[in-house]
**Q** 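Here it is: the structure, laid out below.
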Amino acid sequence: MSVQERKERERAVRERLIVATARELAEQQGWDAVTTRQLAERIEYSQPVLYSHFRGKREIIGAVALEGAAEMAAALRAATSAADGPRARVTALARTYLDFAERNPAVYDAMFQLDGGLAFADEETPEPLKDGFAALLETLSEVAGEGVHPALFTEVFWAALHGLANLTRAGRLPAGDAERRAELLVDRLAVV
């Protein structure tokens, strides 16, 4: 292995460490606790080393968001591939999405609430975000209904899931009815 390859590998390891540490800190204490000083202390590198990887917190949030989008896409695909039939796949998708948002609140915030400098619904949208939407579209296009554009239906269904996730997390909806809400959403919107 050349010196250059070793340096590139070490750089990639440091970058993964920064993102993982930011994510862990945000999940434990919230995004306000994620500062370059705090991250530098936790990973035992100087702040200039952090800035050699990311220009600041915004880019770190973006990196966490991209990682989260890839994880969510994988979770959605795994859940829907294990389900039998369109309705079961859409139900699995809804439950998995809401469960991901509940189990990973800081990551979910990085993906959808915070400014990570990422473009959505644009030619500049990074591949992990496009793939996250594609994971939704793959299943939801089955149940969009005749004459309904699958991507538009996916946007509406996704917006409903996002609203349920945020309102539940904020305590605006009783947590005990989460399962019933997901079933109602599937029953009313999915044409099966």
Side-chain angles (χ1 to χ4, degrees), residues 7-79 93-122 124-136 158-179 181-182:
K7 285 183 179 183
E8 287 174 11
R9 188 182 70 225
E10 289 171 355
R11 180 173 175 75
V13 168
R14 268 194 317 272
E15 193 165 298
R16 284 192 303 274
L17 178 62
I18 293 165
V19 171
T21 304
R23 181 177 176 165
E24 178 183 315
L25 185 57
E27 291 292 2
Q28 291 171 352
Q29 300 176 31
W31 278 104
D32 288 342
V34 180
T35 64
T36 54
R37 188 171 60 91
Q38 182 77 315
L39 285 173
E41 285 177 21
R42 286 220 175 180
I43 65 170
E44 299 178 345
Y45 282 100
S46 67
Q47 286 182 330
V49 169
L50 281 169
Y51 286 114
S52 74
H53 290 273
F54 299 99
R55 287 188 294 237
K57 183 175 178 177
R58 182 179 190 215
E59 283 189 4
I60 294 169
I61 290 169
V64 170
L66 293 177
E67 185 177 273
E71 289 174 14
M72 179 184 273
L76 292 172
R77 285 188 174 108
L93 178 136
R95 288 179 179 150
T96 301
Y97 184 99
L98 295 170
D99 183 57
F100 183 91
E102 182 182 339
R103 285 185 298 103
N104 304 283
V107 173
Y108 193 81
D109 286 346
M111 291 167 65
F112 300 117
Q113 303 296 109
L114 302 174
D115 180 10
L118 304 173
F120 283 83
D122 189 278
E124 301 296 316
T125 302
E127 283 306 313
L129 298 179
K130 288 179 183 177
D131 190 49
F133 185 78
L136 294 167
W158 174 28
L161 286 172
H162 181 67
L164 288 174
N166 282 332
L167 290 169
T168 301
R169 285 180 53 213
R172 304 263 189 322
L173 298 174
D177 291 329
E179 184 69 26
R181 280 188 213 96

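All values derive from a computational prediction rather than experimental measurement. Atoms considered below: every heavy atom in the structure, side chains included; atoms not considered: hydrogens, waters and symmetry mates.
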**Q** Are Asp99 and Arg95 close enough for a salt bridge, meaning some N to O gap below 4.0 Å?
**A** no
**Q** side-chain hydrogen bond (donor to acceptor under 3.5 Å, both in side chains) with Arg58: which residues, sequence neighbours excluded?
**A** Asp115
**Q** Roughly how far, to the nearest 0.5 Å, is the CG atom of Asn166 from the CD atom of Gln113?
**A** 4.5 Å
**Q** Kindly give the heavy-atom pair with the smallest separation between Trp31 and Ala106, and that separation in Å.
**A**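 Shortest heavy-atom separation between Trp31 and Ala106 comes out as NE1-O, 2.9 Å.
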**Q** Who passes side-chain contact (heavy atoms from CB on, under 4.5 Å) against Glu15, sequence neighbours left out?
**A**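 Glu15: side-chain contact (heavy atoms from CB on, under 4.5 Å) contacts with His53, Phe54.
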**Q** Can you measure from CD (Glu8) to CZ (Arg11) and round to the nearest 0.5 angstrom?
**A** 9.5 Å
**Q** To the nearest 0.5 Å, how far apart are CD in Gln47 and OG1 in Thr36?
**A** 4.0 Å
**Q** Can you label the angle between the Phe120 ring and the Phe112 ring as parallel, tilted or perpendicular, going by 30° and 60°?
**A**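 Because their plane-to-plane angle lies in the 30° to 60° range, the rings of Phe120 and Phe112 count as tilted.
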**Q** List for me each residue that meets side-chain contact (heavy atoms from CB on, under 4.5 Å) alongside Pro126, sequence neighbours excluded, and say none if there are none.
**A** Leu66, Leu118, Pro128, Leu129
**Q** Residues two or more places apart in sequence or in another chain: which of them pass side-chain contact (heavy atoms from CB on, under 4.5 Å) with Thr21?
**A** Leu17, Leu39, Arg42, Ile43
**Q** For Glu102, which residues count as a salt bridge (charged side-chain N to carboxylate O under 4.0 Å, His left out) partner, sequence neighbours excluded?
**A**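 By the salt bridge (charged side-chain N to carboxylate O under 4.0 Å, His left out) rule, Glu102 matches no residue at all.
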**Q** Just jot down the side-chain contact (heavy atoms from CB on, under 4.5 Å) partners of Ala178, sequence neighbours excluded, or say none.
**A** Arg181
**Q** Can Arg23 and Glu71 be counted as an ion pair, charged N to O under 4.0 angstrom?
**A**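 Yes.
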**Q** Report the distance from atom OH of Tyr108 to atom CG of Leu98, rounding to the nearest 0.5 Å.
**A** 8.0 Å
**Q** Taking the side chain as C-beta and beyond, is there a heavy-atom pair between Tyr45 and Leu50 under 4.5 Å?
**A**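 Side chain of Tyr45 against side chain of Leu50, heavy atoms only: no contact under 4.5 Å found.
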